[in-house]
J.: 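Take this structure first; my questions come after.
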Amino acid sequence: MIKRKFRRSPLFYVGDKYKLLNEIVHLFPKSINRFFEPFVGGGSVFLNVLANEYVLNDKDKYLIELHKLLLNFRNNNKEFFKKLYEIINYYGFSQSFKKDIVPIELKKKFPKTYYARFNKEAFEKLKKDFNEEKERDYFKLFVLLIYGFNRMLRFNSNGNFNLPVGNVDFNSNVVNALYDYFLFTKNKKIKFYNFDYLEFLNFQEFKVDDFIYFDPPYLITNSEYNKYWTVKDEENLINFLDSLNQKKIKFAISNVIRYKERHNSVFENWSKKYNTFEIKSNYISYHDNSLKEMLEVLVTNYIPKIDSQEKLFEEDISFLNK
Ligand SMILES: C[S@@+](CC[C@H](N)C(=O)[O-])C[C@H]1O[C@@H](n2cnc3c(N)ncnc32)[C@H](O)[C@@H]1O
């Protein structure tokens with residue numbers, strides 16, 4: 001039996017919590033009825049949490065469409081891969097998971113960038129076709145994500161996908177992440193929503209055995225989705241958290257208190273009312289590699305029982321290697 005710790009989402013979200021899961025998930029409550037994530041992103045967190053139900057939200061429409069696409073095929077993986085390979089083959093992308101079709105001369109000439117060079121033409125054609133479609137085919141968007149720059153989703157103001165090809169491939173990491181997603185979500189009660197987080201939270205009726213994990217944009221770090229997050233947003237969020245606490249609803253929230261010369265004093269002052277756990281983050285920032293000047297935390301309004309989610313990770317995954 002092969003054991004492994006955490007599932008990675010096949011959406012490979014930039015800034016996801018995958019590398020920090022071992023610091024975070026064991027601080028979650030022991031028993032969760034409904035697990036809420038108002039800022040679900042790529043989903044790396046919910047994929048590693050046991051609950052009876054999952055209620056998930058993100059403001060990013062395309063991200064939610066991709067989650068819904070994956071969820072629709074969770075009981076029909078074969079069909080999903082069939083459709084994916086149809087697109088990959090039609091456009092002529094590399095696909096090291098199945099066979100290596102990149103010419104040896106290209107590899108020799110461009111040893112570090114041959115995937116980007118090989119896939120560029122296919123990628124541009126697929127991007128054009130996707131952007132011209134009236135009714136968007138989210139399979140195509142998933143393929144753009146897999147072969148795109150940094151595996152990101154980025155759209156311009158006209159609603160057109162606008163990233164260049166990445167130096168990446170459809171490899172066994174992608175296939176394993178897809179199987180993980182399908183296997184974990186199979187037979188589970190999961191719903192995705194696409195609202196602003198406050199709107200999403202305001203129409204829920206929380207109960208005491210629910211748990212809400214918040215991973216909002218961070219006020220003081222640099223990331224695409226942090227650009228529009230203001231001090232006012234931060235204040236609204238912590239006010240909402242106080243109201244949850246008054247109703248005895250459990251929550252945990254990730255945030256960054258210190259980043260280089262910047263300091264999130266609004267959050268830090270507020271957090272003193274609750275329990276703060278330091279998270280040893282090891283992000284390599286896109287802009288800067290200096291890692292020491294960042295203080296990331298998880299704040300909870302309950303005292304965690306350590307190692308509570310352990311059994312989740314003891315499963316047989318040897319079928320993935322067949
Ligand atoms: C730090 S990321 C979450 C990453 C996630 N934990 C993961 O592991 O992939 C923050 C997310 O919040 C979303 N977001 C930003 N502003 C939002 C808002 N007002 N309401 C809901 N979601 C929002 C962004 O689209 C982004 O996906």
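Residue indices begin at 1 and follow the sequence shown. Indexing begins at 1, ligand by ligand and atom by atom, following the structure's order.
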J.: Is W229 close to ligand 1, meaning an N/O of one under 3.5 Å from an N/O of the other?
T.: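 For ligand 1, there is no N or O atom that lies under 3.5 Å from one belonging to W229.
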
J.: I want to know if ligand 1 touches Y218 in the polar sense, i.e. an N/O pair below 3.5 angstrom.
T.: no

J.: Kindly compute the distance separating OH (Y302) from CG (L27), expressed to the nearest 0.5 Å.
T.: 6.5 Å

J.: Looking at ligand 1, is there an atom of it that comes within less than 4.0 Å of some heavy atom belonging to V40?
T.: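 The answer is yes, since V40 has a heavy atom less than 4.0 Å from ligand 1.
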
J.: For W229 and Y197, take the angle between the two ring planes, folded into 0 to 90°, and tell me which bin it lands in: parallel under 30, tilted 30 to 60, perpendicular over 60.
T.: tilted

J.: How are the rings of F28 and Y213 set to each other: parallel, tilted or perpendicular (split at 30° and 60°)?
T.: tilted

J.: Would you please classify the geometry between the F211 ring and the F35 ring as parallel, tilted or perpendicular, with 30° and 60° separating the classes?
T.: tilted

J.: Please state which part of S254 comes within less than 4.0 Å of ligand 1, counting heavy atoms only: side chain, backbone, both or neither.
T.: neither

J.: Pick one of side chain, backbone, both or neither for how Y13 approaches ligand 1, counting any non-hydrogen atom pair under 4.0 Å.
T.: side chain

J.: Which option, Y197, Y193, F200, owns the non-hydrogen atom nearest atom 20 (N) of ligand 1?
T.: Y197

J.: For ligand 1, note which part of F195 has a heavy atom under 4.0 Å away: side chain, backbone, both or neither.
T.: backbone

J.: Parallel, tilted or perpendicular: which one describes the rings of F161 and F155, with boundaries at 30° and 60°?
T.: perpendicular

J.: Is there a polar contact, in the sense of an N or O pair closer than 3.5 Å, between N57 and ligand 1?
T.: no

J.: Can you classify the ring geometry of F200 versus F203 as parallel (below 30°), tilted (30 to 60°) or perpendicular (above 60°)?
T.: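 Plane angle over 60°, so perpendicular.
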
J.: Evaluate D196 for polar contact with ligand 1, using N/O atom pairs at a separation under 3.5 Å.
T.: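 Yes; the residue has a nitrogen or oxygen that sits under 3.5 Å from a nitrogen or oxygen of the ligand.
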
J.: So does F39 get a backbone contact from the side chain of D215, meaning a donor-acceptor N/O pair under 3.5 Å?
T.: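 Judged by distance alone, no pair lies under 3.5 Å.
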
J.: Under 3.5 Å between some N or O of ligand 1 and some N or O of Y18?
T.: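 Between Y18 and ligand 1, no N or O pair is found under 3.5 Å apart.
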
J.: Would you mind running through ligand 1 and noting each atom that sits below 4.0 Å from a heavy atom of P38?
T.: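 The atoms of ligand 1 under 4.0 Å from a heavy atom of P38 are 21 (C), 22 (N).
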
J.: With a 3.5 Å cut-off and no angle check, do the side chains of H67 and Y138 form a donor-acceptor pair?
T.: no

J.: Run the ring pair (Phe, Tyr, Trp, His ring centres under 6.0 Å) test against F97 and tell me which residues pass, sequence neighbours left out.
T.: none

J.: Looking only at N/O atoms, are D60 and ligand 1 under 3.5 Å apart anywhere?
T.: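 No, D60 has no N/O under 3.5 Å of an N/O on ligand 1.
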
J.: Go through the side-chain N and O atoms of N162 and N156 and say whether any donor and acceptor fall under 3.5 Å apart.
T.: no

J.: Just jot down the ligand 1 atoms closer than 4.0 angstrom to any heavy atom of G43, in number order.
T.: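 Contacts of ligand 1 toward G43, numbered from 1: 9 (O).
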
J.: Do any N/O atoms on G15 end up under 3.5 angstrom from N/O atoms on ligand 1?
T.: no

J.: Within the 4.0 Å heavy-atom shell around G42, which atoms of ligand 1 are there?
T.: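 Listed by number with element, the hits are 7 (C), 9 (O).
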
J.: Show the atoms of ligand 1 that are less than 4.0 angstrom away from any heavy atom in D16.
T.: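 Counting from 1, the qualifying ligand atoms are 7 (C), 8 (O), 9 (O).
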
